[in-house]
Peer 1: 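Take this structure first; my questions come after.
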Amino acid sequence: MEFIFQVTNYEDPALDGEAVELLRQRLEAKSRRTLPALWKLTDRLEARVKGRRRRYTLQGSAQIALGAFILVLGLMEPRVPILIFIGPLGILAGLLTIYGAKVKSPPQPPASCKKEAAELLAGWRALDGPGAPVEVRFDENGLSVSAGEDRETVPYGDMTGIFGTERLWLLVYGGERALLLQKKDLVSGGAERFLPYVLDKLAT
């Protein structure tokens, strides 16, 4: 089986944010390998926070239901002003509880990821000009990058990870080298089979 990428331009503005996310994923993966105990603790804390959010969401939903029930009772004849006042307060409290459970500032990628992503994209965008077309091929022996008569080959044993976003894959090899591939550039092999294929090769 083989997968062939015919490299096209990287001018899509959406790639800027996705490249940063890929490098954040790579940084986290490296950190997890280096500090497994710390990440185990972090994952436990995150699981507790998620559990708390679920509880707050259920609590808020119950408050909204109770507030609506009280409001309906207050509006029925004979009307009870205190219930008409309390009902909307219960609904509002429930909405605020649910909102508070869902609001979370997304983690900001480190500045180093943003800088490295800009440099990485600049290098690939420079390929969109005069010169031989670039082809990237994955087969049983590894990957090869060809541009005219120039050719570089990398065995799977030199690859350390692959990460993905909506439009991109980032393959890390040879220590800190990175290959940035657009999913739309895959012309042979099928995108749905590519990632499982590479992950299987990396695991063997």
Peer 1: Does the side chain of Leu186 come within less than 4.5 Å of Ile4's, by heavy atoms?
Peer 2: no
Peer 1: Considering non-hydrogen atoms only, spot the tightest contact between Lys183 and Leu168 and give its length.
Peer 2: CE-O, 3.6 Å
Peer 1: Testing the basics here: between Gln25 and Gly164, what is the closest heavy-atom pair and its distance to 0.1 Å?
Peer 2: NE2-O, 3.4 Å
Peer 1: According to a 4.5 Å side-chain heavy-atom criterion applied to Ile, Leu, Val, Met, Phe, Trp and Tyr, with indirect links allowed, do Phe138 and Val7 form part of one hydrophobic cluster?
Peer 2: yes
Peer 1: Mind checking whether Tyr197 and Tyr156 have parallel, tilted or perpendicular rings, split at 30° and 60°?
Peer 2: perpendicular
Peer 1: Same hydrophobic cluster for Leu89 and Val72, using side-chain heavy-atom links shorter than 4.5 Å among ILVMFWY?
Peer 2: yes
Peer 1: Before accepting this row, confirm whether a basic side-chain N of the pair Arg177/Glu152 lies closer than 4.0 Å to the acidic partner's carboxylate O.
Peer 2: yes
Peer 1: Leu202 vs Ile162, test: side-chain contact (heavy atoms from CB on, under 4.5 Å). Steps then yes/no.
Peer 2: CA-CA 9 Å; Leu202 295 183; Ile162 185 169; 4.2 Å; yes
Peer 1: So if you build clusters from Ile, Leu, Val, Met, Phe, Trp, Tyr with side-chain heavy-atom gaps below 4.5 Å, do Val172 and Leu199 land together?
Peer 2: yes
Peer 1: I'd like to know if the side chain of Arg151 and the backbone of Ser146 have a donor-acceptor N/O pair within less than 3.5 Å.
Peer 2: no
Peer 1: Given 3.5 Å as the limit, does a donor-acceptor pair link the side chain of Arg193 with the main chain of Gly189, or not?
Peer 2: yes
Peer 1: Would you name the heavy atoms of Ile91 and Gly67 that are closest together and state the gap between them?
Peer 2: CG1-C, 3.8 Å
Peer 1: Could you tell me the separation between the CE atom of Met76 and the CG atom of Leu71, rounded to the nearest 0.5 Å?
Peer 2: 12.0 Å
Peer 1: Pair Leu171, Met159 - check side-chain contact (heavy atoms from CB on, under 4.5 Å), show working.
Peer 2: CA-CA 7 Å; Leu171 182 73; Met159 303 177 197; 3.8 Å; yes
Peer 1: What distance do Glu119 atom CD and Leu23 atom CG have between them, rounded to the nearest 0.5 Å?
Peer 2: 10.0 Å
Peer 1: What residues form a side chain to side chain donor-acceptor pair (under 3.5 Å) with Glu18, not counting sequence neighbours?
Peer 2: Thr165, Arg167
Peer 1: Does anything in residues 135-144 pair up under salt bridge (Lys or Arg N to Asp or Glu O under 4.0 Å), and if so which pairs, sequence neighbours excluded?
Peer 2: Glu2-Arg137, Glu135-Arg137, Glu140-Lys201
Peer 1: Could you state the interatomic distance from CD1 (Ile82) to CD1 (Ile86), rounded to the nearest 0.5 Å?
Peer 2: 4.0 Å
Peer 1: Should Pro155 and Asn141 count as side-chain neighbours, where that means a heavy-atom distance under 4.5 Å?
Peer 2: no
Peer 1: Within the 4.5 Å heavy-atom criterion, are Leu22 and Leu180 side-chain neighbours or not?
Peer 2: yes
Peer 1: How close do Ala178 and Arg26 get, counting heavy atoms only, and between which atoms?
Peer 2: CB-NH1, 4.5 Å
Peer 1: Look at the side-chain heavy atoms of Ile, Leu, Val, Met, Phe, Trp and Tyr, link any pair under 4.5 Å apart, and say whether Leu66 and Leu96 land in one connected group.
Peer 2: no
Peer 1: Are Leu195 and Val154 connected into the same hydrophobic cluster when the rule is that any two of I, L, V, M, F, W, Y join if their side-chain heavy atoms are below 4.5 Å apart?
Peer 2: yes
Peer 1: Would you call Gln6 and Asp185 a side-chain contact if the rule is heavy atoms closer than 4.5 Å?
Peer 2: no
Peer 1: Quick check: do Leu73 and Val80 have side-chain heavy atoms less than 4.5 Å from each other?
Peer 2: no
Peer 1: Starting at CH2 of Trp169, measure out to CD of Gln182 and round the result to the nearest 0.5 Å.
Peer 2: 11.0 Å
Peer 1: For a 4.5 angstrom cut-off between non-hydrogen side-chain atoms, does Leu170 reach Leu179?
Peer 2: no
Peer 1: Going from CG on Leu120 to NZ on Lys115, what distance comes out if it is rounded to the nearest 0.5 angstrom?
Peer 2: 14.0 Å
Peer 1: Please report the interatomic distance CD(Glu28) to SG(Cys113), rounded to the nearest 0.5 Å.
Peer 2: 10.5 Å
Peer 1: Would you find a donor on one side and an acceptor on the other, under 3.5 Å apart, between the side chain of Ser31 and the backbone of Leu27?
Peer 2: no
Peer 1: With a 4.5 Å limit on heavy-atom distance, are the side chains of Ile84 and Leu75 in contact?
Peer 2: yes
